[in-house]
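What follows is a short report on a single structure.
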Amino acid sequence: MLSAESLAKIDRELAKYPADQARSAVMGALRIALTERREKGATPEERCLNSEVIEFVANYIGIAPVAAYEVATFYNMYDMKPVGKHKITVCTNLPCALRGGMNAAEYIGKKLGIHLGETTADGKFTLLEGECMGACGDAPVLLVNNHSMCSFMTPEAIDKKLAELE
Amino acid sequence: MAIFVKGVIFEGVDTTAPDCWHIDAYMARGGYQALKKILDNKMPQEDVIAEVKNSGLRGRGGAGFPTGLKWSFMPRSFPGDKYVVCNTDEGEPGTFKDRDILLYNPHALIEGMIIAGYAMGCKAGYNYIHGEIFEAYELFEAALDEARKAGFLGQNILGTDFSFDLFAHHGYGAYICGEETALLESLEGKKGQPRFKPPFPASFGLYGKPTTINNTESFASVPFIIRDGGQKFLEAGKPNNGGTKLFSISGHVNRPGNYEIPLGTPFATLLEMAGGMKDGKKLKAVIPGGSSAPVLPGEVMMELTMDYDSIAKAGSMLGSGAVIVMNEDVCMVKALERLAYFYHEESCGQCTPCREGTGWLYKVIHRIANGEGREGDLELLESVGNNMAGRTICALADAAVFPVRSFTKHFRHEFEHLIEHKKSLVDHKWC
Amino acid sequence: MLEIEIDGKKLTVNQGSTVMDAAHAAGTYIPHFCYHKKLSIAANCRMCLVEVEKAPKPLPACATPVTDGMKVYTASPLAKKAQAGVMEFLLINHPLDCPICDQGGECQLQDLAVGYGNSASRYQEEKRVVVGKDMGPLVSAEEMSRCIHCTRCVRFTEEIGGFQEIGMANRSEFSEIMPFLGKTVDSEISGNVIDLCPVGALTSKPFRYSTRAWELSRRKSVSPHDGLGANLIVQVKQNEVMRVLPLENEAINECWLSDRDRFAYEGLNSAERLQKPMIKFDGKWHETDWQTALEYVVKGLNGVSADHGKDAIGFLLSPHSTTEELYLAQKLARAFGVNNVDAALRRSDTRVAKQQQGALWLGSSIVELAASKSILVVGATQRSEQPLLASRLRQSVKKGSQLNVIHVADDELFTSLNAKLIVAPQQLVNALAQVLKAVVTAKAGETAIDLAAANVSAEAQAIADSLCAADSASIVLGNVAQNHPAFSELLALAQEIARLTGARFGIAAAAANTVGADVAGANPVRGAFGQNVTAGLSAAEMLAAPRKAYVLLNNEVEADSYNGQQAVAAMKQAATVIALTAYKGAGLLDYADVLLPIAPFSETAGSFINMEGKLQSFNGVVRPLGETRPAWKVLRVLGNMLSLNGFEQNSCEEVRAELLALGDIAAQLNNGQSVLAANVAAGNGELVRVGDVPLYHADPICRRADSLQQTAAAAVPQLQLNPADAERLGLQDGQAVTVAQGAAEVSLQLRTDAALAQGAARVAAAHPATVALGGLFEPIQIKRG
């Protein structure tokens, strides 16, 4: 289900916690599983978490599958729905909105021809609205594929970023 | 990001230098001397805690609870494992200081946590890092490796009988995990649903063991306090408000960023440091302590100093030191609508008043903002808010209600106008 | 002790009590939804907010610890405002579908809304819609918009069921209660979530939409399915059992029921119910009247008796029958001159009856067992045998007891074990002997049993250490041990371990009246209350050496015997088979000659003696179906027709009084064995069948409960083998295999399972797919394809 590299990463997460507290590693394990699917998935459906991979992770950690599912659905960075090759999350919370967060989201949407929450027809981009990323001073900020934060995203910077991601 | 004014944490840190976060750079600026001082002198645990108490350091996460006092709550004689946990789940809208500590000065935090572990007899610590700042998490992991290699973490630190290890735990997108017991639940691999207190973490924390949780900035202040003395830290601020404090300024100013300044600095001075209002627009409103703090009209803010007591007296909170500045173009209904949406999204869902109330508040405010407000809506908002605040396990419900109360109090005419005329009094522009 | 005042009422409560506990003690009701005395405290519904003096805000009574001098106001303006506020929040998204909701009339939300809610809603926004979930054939989760997120169901599966099968996914108002994607809720005690759900979100799938709660009458009864003796409330409408709920009894079932106790009632209304006497002649079945049928029976018994003697007749009685029925049946047999009487139908060890000195029982009360600091369970498929006992032991472990297991498979018990010895059936005796040997050494004691062949393993040592160290310990032999050919060895070894360690020992009775059968004399060697009788043949002996006539009480020999194949062959060669039965099952129709319709437990008065020796009596809750008669009446009339003395009873109570006048039940309970010899050598390496009884095939009633039969636990048994055995035999997981015992072969799917001991071949008993096979713990052959 997961690559040896991912399993080794999950093992490193497990090593952080006491042996009888393996459950602590479920967040890291789900992140690692999602990252592998994002990198390897050929279609939006293959890039998100599904019941098989959640059950696999739960069994690997040794917790009830529904407990892992609770975690996967509680934290909003785990993609539970099909997602494009590049997931762009724009912070539109108040401090960011005051510095162009809303405008950035609108600009990207227009450029990609999609609304917030949608994926482009070619499966390349998904555009989401995010909540506070803890980087309000850098607004507008957007997060690419959960792990890469882009600051001061003026229209020019957005054009450049989208071109890079193409 | 930028740190425009530096105090106890960032003094000497060249944030423009890519290497500034490394252990060598940290040690060159006097890093790990506090830890060495403690270990070399076999400093008694009580003395370390006393020094922190003397410093007047108050929790930088928002509640402002005296840090030394919190440390003294840990049961000293408890025979089993104890934990020290750092809260870097920085997701309060307007707050962005802790990320800079991880990016530019992570070893200050690491050293502060090791000292805390020493003072409270903990064998391990965890730093819970906000989900969206993965790069900061990875960098912090690298800093931990450096500290381990240098012998500051692990078994028999610097050849003494003191052992302590520290790990990073990465969140994945839930504001509520900034609440300390939700953070503990999350650290245990569960949903971040706050726990009912009592019992408090000091007796029943991580894995049911005594646990002390502090904010990143609080821990990062500790090396200075131990190295240079609590008195010096205290003197950097004002009585009962020791030290410098990181203020994150966002919104309509010319230079948004972090400012590490003495507590008690006038807001007007801080605004000036931040380059003043963007485009020369008029200051309309300020949220002085992160989105959960009550909003204050600009003219009230201009009279205040930036410390716990002054802001509290004006009816708001210093909170995490997140200052959100809004100019005259902002429709306050729109601004509140966005905040209400946030709390609705982020409620953990366990307590009835919050799960149901945050949605109700948002839906009513959303209606008003869209010109579908009805007579009685403001009274309804107040009543629903009253049924939420103070009725739940954690303070998220209160945090959702404070903005509603303060926005509708200070800018009531904007709400009334929108309800009556179905359009905003302000020609709203976000920026 | 703490002094506290609730609404002006002063009382003293224990340190550590919550305000809710104190309110209960004071008789003050505080409204609540998420709080449940058996579950962890969630404090999430917030309905129990009360005012506490000096507290700045209302506090949840369920989670707030009492402090000395605390003054609580449960109905002050502040408390009431808080409670009303919460009620409003609970209702804003709750559908107004009470008229069509199954919970209507017994809904906590509905009840409390009357007291704490407003008549009109201030909520003018759109209500939330939550899609239904599939939790399986027992629990309906179709109307999840009604859910108030109290998480009782989640906590139940995790804390009482032992495995979290239900979760609350998502967050904020989008939180949803659900099982894991694509999974059903398979716990053997899942139905309790229906009782726990304070609204109509989780309802009973078999019951829903059948009637209104207020149209039902509530009658007390006792579960006839396992030896625990769970107390029931049977709900009845128009002479039909519509639903079964728990009757709280802290000493037995607490406030829970197993799904078998709860849903087996569907079998009472089965189309297979026999409603009229039937006689087979010319190879065909004919309905007849009672007089004709009973005359036929009398003629049959007299005929066989005249032609072959009384010893040619055997009485096979069910341990699921009532004490009164069993007493009268054995009395009738013995008065008629038949000594072959037994109710231990699945027991293979014929020595036990000859060695026992009383009624075999648990050796303690259920509460005492659960409170033991060290518990050793030998040969038990715990979660199928007595689901609630397994759950209770799980709670014991949480409270610090050490649970040890010797068994043929490392079955998932959802608890942590102190030590376990997992061995093939032919090594069970050796395994227990290892423990005895370690105990003998630890205690520097002696035993008459030759333990030379036992080599103490580390696990056996750990079990012995646990038993020796505990200030209270219990050893319990389960159903697998009781049906095992070496049951007497296991009993003897347990007796010795108990003697040396001071532990209690006993059996976990499989059937509702296993203990009652011994007390009532449904035993080939001992009469009622141990009266001296001429020894007869045990069930296994009656079938191994076939009789000319059999009288069957409330059982189907193919499923309820140790060796179904042998039992059916014995029936078929008999001149006559007389069955007193509630069902016209396919087996009985095949091999019986006369079927007399008798009442199941719900249609007759009676009593069961549970595993701890407690007699629990009950009345019929509905009238007998059709021409069905209570078995005690049928036996009484037969006694009269056979011209026997002592069959003048006019009521079930009279039968019971006659029986109980013979002695004291407590004095009958005795697990002592008169013989303590045991060959403890480990068996050979051949594959031996593990024929445990599946959860929902234990008795004729539950075998006919449709909804239970749709569960995963009722699926067609697979052949389970340890992967090493499968590899040795060249078999692949999932492949079709043929298993053979004696003359019979059946085709099953192979599942390899590392939990199974090597040398064990698990093929469950009592299922239609496997009844053709032979002995439950006998060698079995496996063929490919």
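Chain letters run A, B, ... following the sequence lines, proteins first, then strands; residues in each count from 1.
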>> Heavy-atom cut-off 4.5 Å, strictly under: side chain, backbone, both or neither for Glu165(C) against chain A?
In response: backbone
> Measuring heavy-atom distances to chain C, does Asn76(A) have an atom under 4.5 Å in its side chain, in its backbone, in both, or in neither?
Replying inline: both
>> Which heavy atom of Phe163(C) sits nearest to which heavy atom of Pro65(A), and what is that distance?
In response: CZ-CD, 3.8 Å
>> For a quick test of reading the model, state the closest non-hydrogen atom pair linking Asn170(C) to Thr73(A) and the distance between them.
In response: N-OG1, 2.8 Å
>> If you count every heavy atom of other residues, nucleotides or ligands that lies below 6.0 Å from Lys81(A) atom NZ, does the total exceed 12?
In response: no
>> Within the supplied structure, the quantity of interest is the number of heavy atoms (other residues, nucleotides, ligands) at a distance under 6.0 Å from Lys133(C) NZ; does it exceed 12?
In response: yes
> Closest heavy-atom contact between Tyr75(A) and Arg171(C)?
Replying inline: CA-NH1, 4.1 Å
>> Surrounding NZ of Lys160(A) (heavy atoms of other residues, nucleotides or ligands, distance under 6.0 Å), is the total greater than 12?
In response: no
>> If we ignore hydrogens and angles and just use 3.5 Å, is the side chain of Glu70(A) paired with the main-chain N or O of Met168(C) as donor and acceptor?
In response: yes
> Counting only heavy atoms not in Glu727(C), do more than 12 sit closer than 6.0 Å to its CD atom?
Replying inline: no
>> What's the separation between atom CG in Leu181(C) and atom CD1 in Ile54(A), rounded to the nearest 0.5 Å?
In response: 6.5 Å
> Take atom CD in Glu46(A); do more than 12 heavy atoms of anything else shown fall under 6.0 Å from it?
Replying inline: yes
> Should we say atom CD of Glu126(C) is surrounded by more than 12 heavy atoms from elsewhere, each under 6.0 Å from it?
Replying inline: no
>> As a quick check of understanding, evaluate side chain to side chain contact (heavy atoms under 4.5 Å, CB included) for Met178(C) and Tyr69(A), giving each step before the final call.
In response: CA-CA 10 Å; Met178(C) 57 170 71; Tyr69(A) 184 76; 3.3 Å; yes
